[in-house]
Amino acid sequence: MATQIPDQKRVGMVSLGCPKALVDSERILTALRADGYAMSADYAGADVVLVNTCGFLDSAKEESLEAIGEAIAENGRVIVTGCMGDEAEVIRARFPEVLAITGAHQYEDVVKAVHEAAPPSQGPFVDLIPAGDAGVKLTPRHYSYLKISEGCNHACAFCIIPSLRGKLASRRVDAVLREAEKLVAAGTKELLVISQDTSAYGVDTRHEERMWKGHPVRAHMTDLARELGQLRTPHGETPWVRLHYVYPYPHVDQVIPLMAEGLLTPYLDIPFQHASPKVLRAMKRPANEAKVLERLKNWRAICPDIAVRSSFVVGFPGETEEDFQYLLDWLEEAQLDRVGAFRFEPVAGAAANALPDPVPEEVKEDRYARIMEVTERISAAKLAAKVGRTLPVIIDEVGEPDEDGDIGATGRSQADAPEIDGAVFLRNVPETLRAGDFVQVEIEDADAHDLFGVIV
């Protein structure tokens, strides 16, 4: 057990933006805890507050600035990090009292700034991190994000990620696998593989080989996926392994058989962004010539249970009604399982801002409403088709007994990633059920987003 230090300094953390930023927050807090800091759950108990910002869209920047303002009002001692750290002058102009500002994944700089703001009080004989601990986690114990690379080599017209996070920098494959093994040993039942571009993993290192468990493994998405599929929990269960941010390069076809074999969760998160060739060219999207509809058909033939999630931008500059109708027709044919849509929003520094023919706001709103209507109808039909089936479900939360003593629970099927997709709501679960348990569930009902059922 860790020994409490009398005047141990406490750090609060506000983490905004995507799962990749959440992993950055976990790494920063792990480093700080190793230096003798405790974590504070509220502003009042913190000696210093870290705000990990998002700078992807103007609306996200505004949310980041609001969070900084709240932290200053509630605590006063604030360090800013993350993607918006590149705009230090904007932050300083609004909040001159901020103690320090660092950019995305600059862990050492953040830790140094905390040391200066609230010097650590670590004693020489204190064991602060219990043996076997995989570090500080900001997600529930049963699922973890596994970040395999930083940055991105694409130059999409609407995106400023490469200028915020740099070019692709892949982690060593043995380091990724070691982290995954530790997480699973510490209770993780579901690994969510994330990066800016998961399909490009290892391109920058020429897919270098490393030894792992006595055999060579390449830094390549397919090799990594196959090795992650060999992991087992302390109770011998196969953890779910979910791939996010996958660009549809040809080699993605090679991971579908791994899903059919049960080594990988049958789920792909592919950011298609649009379907009209003209809009994709204007967006400077990679892989826009991929025969995606044909490949989707092939993937479903190999692995009928595969769930494909994607996101689309409506109202991109120059998008005509014809382009938008092309997208709607494509979606009807593609029959994607999960779809998110975003209205195009200019971002300072993005090439798309200079494109001609901006789409009026009211047209954007109309198109957004229409795409959501189409995708909701497809989702409802897909979920209705699952009624009567028995599906594996991971439990996220178990409720309290109601007045009749019945207990409900919330879980997710293999088609549902945490925070972004739907849920499976369970009735009459046993009181021994715990978050992280895998159960077989008979699906009794469905709506446009969620499933309802009972444990078999």
Side-chain angles (χ1 to χ4, degrees), residues 16-25 27 52-58 60-61 64 81-87 102-107 145-173 175-176 192-208 219-222 224-225 242-252 255 268-274 279-290 292 309-313 316 340 342 344-353 417 420:
L16 304 169
C18 62
K20 293 175 284 292
L22 192 74
V23 173
D24 290 344
S25 295
R27 288 187 182 161
N52 192 356
T53 56
C54 177
F56 186 52
L57 296 172
D58 288 352
K61 290 179 187 176
S64 293
T81 186
C83 286
M84 213 184 154
D86 277 27
E87 299 187 41
T102 71
H105 57 87
Q106 293 177 355
Y107 312 124
Y145 291 105
L146 183 67
K147 184 153 65 165
I148 61 173
S149 63
E150 284 292 356
C152 180
N153 287 344
H154 301 305
C156 302
F158 53 82
C159 181
I160 56 169
I161 292 290
S163 66
L164 294 177
R165 288 181 170 258
K167 289 283 194 190
L168 176 73
S170 301
R171 295 177 62 199
R172 282 174 51 156
V173 68
V176 173
L192 302 122
V193 177
I194 58 167
S195 65
Q196 239 47 72
D197 176 358
T198 296
S199 309
Y201 174 62
V203 165
D204 55 316
T205 61
R206 300 187 178 182
H207 304 300
E208 66 169 7
H220 190 287
M221 183 178 84
T222 50
L224 176 65
R242 204 180 281 284
L243 299 179
H244 287 271
Y245 310 107
V246 176
Y247 284 81
Y249 302 143
H251 67 256
V252 173
V255 300
L268 274 182
D269 166 23
I270 303 180
F272 289 121
Q273 308 296 15
H274 214 283
V279 175
L280 286 167
R281 275 196 300 276
M283 287 179 164
K284 297 200 171 122
R285 289 292 289 165
N288 59 20
E289 299 307 317
V292 175
R309 133 168 283 285
S310 191
S311 51
F312 296 86
V313 177
F316 190 78
F342 303 91
F344 172 75
E345 208 180 292
V347 187
N353 303 348
I420 54 172

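Keep in mind that the numbers below use all heavy atoms, side chains included, and drop hydrogens, waters and symmetry copies. What you see is a predicted model; the values in this text were computed from it and never measured.
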Are Met221 and Ile148 close enough that some pair of their side-chain heavy atoms sits under 4.5 Å apart? no

Which distance, rounded to the nearest 0.5 Å, do you find between the [atom1] of [X] and the [atom2] of [Y]?
X      : Y      : atom1 : atom2 : value
Glu87  : Lys61  : CD    : NZ    : 3.5 Å
Asp197 : Tyr249 : CG    : OH    : 4.0 Å
Ile194 : Leu146 : CD1   : CG    : 8.0 Å
His251 : His220 : NE2   : NE2   : 4.5 Å
Glu208 : Arg172 : CD    : CZ    : 7.0 Å
Tyr245 : Ser149 : OH    : OG    : 11.5 Å

Side chain to side chain donor-acceptor pair (under 3.5 Å) partners of Ser64, counting only residues at least two apart: none

Restricting to side chain to side chain donor-acceptor pair (under 3.5 Å), what partner residues turn up for Ser195, sequence neighbours left out? Thr198

Minimum heavy-atom distance between [X] and [Y], given as atom pair plus value:
X      : Y      : answer
Ser170 : Asp204 : OG-OD1, 2.6 Å
Val252 : Ser199 : CG2-OG, 3.8 Å
Pro248 : Ile270 : CD-CG2, 3.8 Å
Arg171 : Val176 : CB-CG2, 3.7 Å
Gln196 : Gly151 : CB-O, 3.0 Å
Cys83  : Gly55  : CB-N, 3.5 Å

Which residues share a side-chain contact (heavy atoms from CB on, under 4.5 Å) with [X], sequence neighbours left out:
X      : result
Val203 : Leu168, Ala200, His207
Ala219 : Val173, Tyr201, Thr205
Ser310 : Phe272, Phe312, Leu336
Thr102 : Thr81, Gln106, Asp109, Val110

Is the shortest distance from a Lys or Arg side-chain nitrogen in Arg242 or Asp269 to a carboxylate oxygen in the other one below 4.0 Å? no

Kindly determine whether Val23 and Glu150 satisfy side-chain contact (heavy atoms from CB on, under 4.5 Å), including the steps that lead there. CA-CA 11 Å; Val23 173; Glu150 284 292 356; over 6 Å; no

Given Phe316 and Met283, is the side-chain contact (heavy atoms from CB on, under 4.5 Å) satisfied, shown in steps? CA-CA 8 Å; Phe316 190 78; Met283 287 179 164; 3.8 Å; yes

Under 3.5 Å donor-acceptor, Asn52 side chain and Ala21 backbone: yes

